[in-house]
Amino acid sequence: MTLPDGRSRQFPGPITGAELAAAIGPGLAKAAIAVRIDGRPHDLATIIDHDSTIAIITRDMPEGVEILRHDAAHVMAEAVKELYPETQVTFGPATETGFYYDFARETPFTPEDLARIEERMRDIVKRDEPIAREVWERDRAVAFFESVGERYKAEYIGEIPAHEEISLYRQGDFVDLCVGPHLPSTGRLGQAFKLMNVAGAYWRGDPNNAQLQRVYGTAWPNQKELDQHLFRLEEAERRDHRRLGRELDLFHLQEEAVGSVFWHPKGWTLYRAIESYMRRRLEKVGYQEVKTPQLLDRSLWEASGHWENFRENMFIAESRDERVLAVKPMNCPGHVQIFRNRLRSYRELPLRLAEFGSCHRNEPSGALHGIMRVRAFTQDDAHIFCTEDQVTAEAIAFCELLLSIYRDFGFEDVAIKFATRPPVRAGADATWDVAEQNLEAAVKAAGLAYTLNPGEGAFYGPKLEFVLRDALGRDWQCGTLQLDFVMPERLGAFYIGEDGARHRPVMLHRAILGSFERFIGILIEHYAGNFPLWLAPVQAVVASITDEAAAYADEVAGELAAAGLRVIADTGNEKIGYKVREHSLAKIPVIIAVGRREAEQRGVSLRRLGSPAQEALALTDAVAKLNAEAAPPG
RNA sequence: GCCGGCUUAGCUCAGCGGUAGAGCAACCGCCUUGUAAGCGGUAGGUCGUGUGUUCGAUCCACACAGCCGGCACCA
């Protein structure tokens, strides 16, 4: 047996994973929950009867935690079957932070049911029931599950490929179809789990199927990690952009404009700070800003293919002469109109048209979420018209721009996904071959690592999806780069080449922030509302300590404002401690206190959000210093 | 859109078949203040909307809307 450290051990005959772990050491035997044999995970009870590469999987390894969570799902299913025998079990996998199990049941589970189920799960863990794997003959397994009324399980067996084993796992009186591996016994799960909530979920993810009851839980190797996870959830709640949006007076939402944001002065200041930053970054690298109509005739959407693919999600309007118009759900057809409005020469390529494009999409009501998923939003959209030869250079330049901009917003960790042709699409397969090859070559040329996201491309082309990781470790897909050979053809875009003939341009659809609304939501949560100085809606407050200093406070605020800072004066009749608290809660980055002393010396006392330290400065120095600090990056 | 839950003052939340309460915020006054809550007072609600049951509904039932958690969707 070859072990992970490269050493090998000899055994006289076949041995189980558990015995192997025990042979290595008692500590390992205790922590062991499964064994990896020649790269594949198995139960500890698996008999190893040939020379193999072996690794013991312990409960603190990522692979081990996944098994633990999968077992938690099984224990939950056992608990549910004991408490509610009429319930059918379906699927119950591990997730990122826990597990779920989908149950088929007439009456939905209530929160009280969850408490009962969780209690019973703890009993089952205490019972420490052995978990045993059995391989069954296919027909017998189907007959068995049908006989016990588990129709979903029986149906699923029929879809397991013929060459695969049908394995069942038995714990106590509960038997479940499962590939495993699993723990040796229910006691090994431990008690560091918790049921979280119930939700509806379609059988096999298909809305045409029955809706099942999905019970979510979280599970960890030990209580400490469970507690940490629950604390992270609380932290996420504290940072929730809907909560901070209200507390910081950034925006609100209301029934009369579902899915649209009412931006308040502070929120709009933040929005404009981001917009002007983006505008400057784009101009520097050769984009030209445009603005295209909100309403465009139906015929254009038919030509682009959007009418066919997204009709249900478009807002439709009618003009008085009975033309049918759609409120634009995206900007590309508009940009193509600008491109094809006159003859274009190859000398103009690459032509980069950018728009802070205000779009409307009639999203299903259940999809809406704060300002992250809305019906009215603005994209930092642009379309690059270029030749096939220019694709790689444009793609590399775009990736560099995107990563640099993400860094400026405090996102260092960015993953890339490569999304290939979807099942329903426009354009010939040969066109897709070329597009996918080009995009793959481009991302490789940019020297960036990516993972494949098969079948997730846009209907007109493959795409790169840029996923950033926030301060809480959550992933958000924001940027995109899409390579499109289809739209230029459908909308009749061409340019005159060096040879004097007409050629089709390639179109790159690209966005960095995605939507302003969503990106601002992400920023709020990433920074927990503590924006860096250049983004803070109010950058500084000048608070007077006594009435005597009020006039001077106004003067200081005036000087800072004249230097271009966003500043307010607080000359109200409150103690300085009260003012510091109020403005700290409002997350204003700089609080400047001025009393009689400062007024006499023309100085300020400066304090940063989150720190009790005070800094005494001359007014002129403070203005220069803050002004320099508040300069946007890039 | 689907499943489930929720909806009481600006916010956070009590409450109950006999038409409502707290804290914070707001407003007014006193205090003239030195770095995360000084003190006192005042005002504030068609209990999401509609229909029904009832002598009487914020409370019970039904419908609708919005929101929340998921699912599905995301050009």
Under-3.5 Å N/O pairs linking protein and nucleotides 13-15 of chain B:
none

**OP:** Starting at atom CG of A:Asp249, determine the distance to atom C1' of B:C11, rounded to an integer number of angstrom.
**Re:** 13 Å

**OP:** For B:A57 and B:G52, measure between their C1' atoms and round to the nearest Å.
**Re:** 11 Å

Subject >> d(CD, A:Glu112; P, B:G4) in whole Å >> reply: 15 Å

**OP:** Using distance alone, with no hydrogens and no angle criterion, decide if A:Ser299 and A:Trp301 have a side-chain donor and acceptor under 3.5 Å apart.
**Re:** no

Original post:
Starting at CG of A:Leu233 and ending at C1' of B:G69, how long is that distance when rounded to a whole Å?
Top reply: 12 Å

Original post:
Over how many whole Å does the gap from A:Glu247 atom CD to B:G10 atom P extend?
Top reply: 17 Å

Original post:
Just checking, A:Arg361 and A:Phe310: is the charged tip under 6.0 Å from the six-membered ring centre and within 45° of the axis?
Top reply: no

Original post:
Which pairs count as side chain to side chain donor-acceptor pair (under 3.5 Å) when at least one residue sits in residues 254-265 of chain A, sequence neighbours excluded?
Top reply: A:Asp249-A:His264, A:His252-A:Gln254, A:His252-A:His264, A:Gln254-A:Glu256

Show the distances under 3.5 angstrom between N or O atoms of the protein and N or O atoms of nucleotides 61-67 of chain B.
unit_1: B:A65; atom_1: O2'; unit_2: A:Glu255; atom_2: OE1; d: 2.7

Original post:
On a whole-Å scale, what distance lies between the P atoms belonging to B:A22 and B:A14?
Top reply: 16 Å

Subject >> Euclidean distance, atom CD of residue A:Glu256 to atom P of B:U49 [Å, nearest integer] >> reply: 13 Å

**OP:** Please list, chain by chain and in numerical order, all residues satisfying side chain to side chain donor-acceptor pair (under 3.5 Å) with A:Glu363, sequence neighbours excluded.
**Re:** A:Arg373

Original post:
Hey, does the side chain of A:Arg607 come within less than 4.0 Å of B:A36's phosphate (OP1/OP2), counting only N and O?
Top reply: yes

Subject >> Inter- and intrachain pairs under ring-ring contact (aromatic ring centres under 6.0 Å, His included), touching residues 584-613 of chain A, at least two apart >> reply: none

Original post:
Between the side chains of A:Ser358 and A:Lys328, is a donor N or O closer than 3.5 angstrom to an acceptor N or O?
Top reply: no

Subject >> Distance test, side-chain N/O of A:His369 to OP1/OP2 of B:G69, below 4.0 Å >> reply: yes

Original post:
How long is the line joining CD of A:Glu237 and P of B:U12, in whole Å?
Top reply: 12 Å

Original post:
Considering residues at least two apart in sequence or located in another chain, which fulfil the side chain to side chain contact (heavy atoms under 4.5 Å, CB included) criterion with A:Pro422?
Top reply: A:Arg425, A:Trp432

Subject >> Nearest-angstrom distance, P atom, B:G69 to B:C62 >> reply: 25 Å

Subject >> Modelled atom types, side-chain donor and acceptor of A:Arg204 and A:Tyr202, under 3.5 Å >> reply: no

Subject >> Toward the 5' end of RNA chain B, by each residue's nearest nucleotide, A:Lys575 or A:Gln213 >> reply: A:Gln213

**OP:** Indicate the ring-plane relationship of A:His383 and A:Phe385, choosing parallel, tilted or perpendicular according to the 30° and 60° boundaries.
**Re:** tilted

Original post:
At under 4.0 Å between heavy atoms, what does A:Thr110 touch on the DNA or RNA strands: base, sugar-phosphate, or nothing?
Top reply: nothing

Original post:
What residue pairs, at least two apart or across chains, pass salt bridge (charged side-chain N to carboxylate O under 4.0 Å, His left out) with a residue in residues 477-486 of chain A?
Top reply: none

Original post:
How does RNA chain B read in dot-bracket, base by base from 5' to 3', with Watson-Crick or G-U pairs under 3.5 Å and | used when the partner is on another strand?
Top reply: (((((((..((((....[..)))).(((((.......))))).....(((((..]....))))))))))))....

Original post:
side chain to side chain contact (heavy atoms under 4.5 Å, CB included) with A:His583: which of A:Asp570, A:Val590, A:Leu609, A:Val538?
Top reply: A:Asp570

Subject >> A:Arg608 atom CZ: more than 12 heavy-atom contacts under 6.0 Å >> reply: yes

**OP:** Check each residue of residues 578-604 of chain A for a non-hydrogen atom within less than 4.0 Å of any atom in RNA chain B, then write out the ones that pass by number, or none.
**Re:** A:Tyr578, A:Val580, A:Arg581, A:Ser584, A:Leu585, A:Ala593, A:Gly595, A:Arg596, A:Arg597, A:Glu598

Original post:
Rounded to whole angstroms, how far apart are CG on A:Leu114 and P on B:G5?
Top reply: 12 Å

Original post:
Mind checking the P distance from B:C3 to B:A75? Whole angstroms is fine.
Top reply: 25 Å

Original post:
Considering only the P atoms, how many Å lie between B:G29 and B:G23, rounded to the nearest integer?
Top reply: 22 Å

Original post:
Regarding A:Arg311 and the six-membered ring of A:Trp307, is the cationic atom NZ or CZ under 6.0 Å from the ring centre and inside 45° of its axis?
Top reply: yes

**OP:** Give a yes/no verdict on a cation-pi contact between A:Arg238 and A:Phe231, requiring under 6.0 Å between NZ or CZ and the six-membered ring centre and an angle within 45° of the axis.
**Re:** yes

Subject >> B:G38 to B:A25 separation - P atoms, rounded to the nearest Å >> reply: 10 Å

Subject >> Separation of the C1' atoms in B:C60 and B:C24, to the nearest angstrom >> reply: 33 Å

Original post:
Please, which pairs that meet salt bridge (charged side-chain N to carboxylate O under 4.0 Å, His left out) have at least one residue in residues 504-518 of chain A, sequence neighbours excluded?
Top reply: none

**OP:** Using the P atom as the reference point in each nucleotide, state the distance between B:G10 and B:G48 in Å, no decimals.
**Re:** 12 Å

Subject >> Distance, rounded to the nearest Å, where A:Glu574 contributes CD and B:C27 contributes C1' >> reply: 13 Å

Original post:
Looking only at side-chain N and O atoms, does A:Arg246 come under 4.0 Å of OP1 or OP2 in B:U12?
Top reply: yes

**OP:** Check ring-ring contact (aromatic ring centres under 6.0 Å, His included) between A:Phe91 and all other residues, then give those that pass, not counting sequence neighbours.
**Re:** A:Tyr156, A:Trp203

**OP:** Consider only side-chain N and O atoms of A:Glu465 and A:Asn453, and report whether a donor and an acceptor are under 3.5 Å apart.
**Re:** yes

**OP:** For each nucleotide in nucleotides 70-75 of chain B, reading 5' to 3', give B when a protein heavy atom comes within less than 4.0 Å of its base, S when such contact involves only the sugar-phosphate, and - otherwise.
**Re:** BBBBBB

**OP:** Report the residue from A:Arg474, A:Arg239, A:Arg242 that forms a side-chain hydrogen bond (donor to acceptor under 3.5 Å, both in side chains) with A:Glu525.
**Re:** A:Arg474

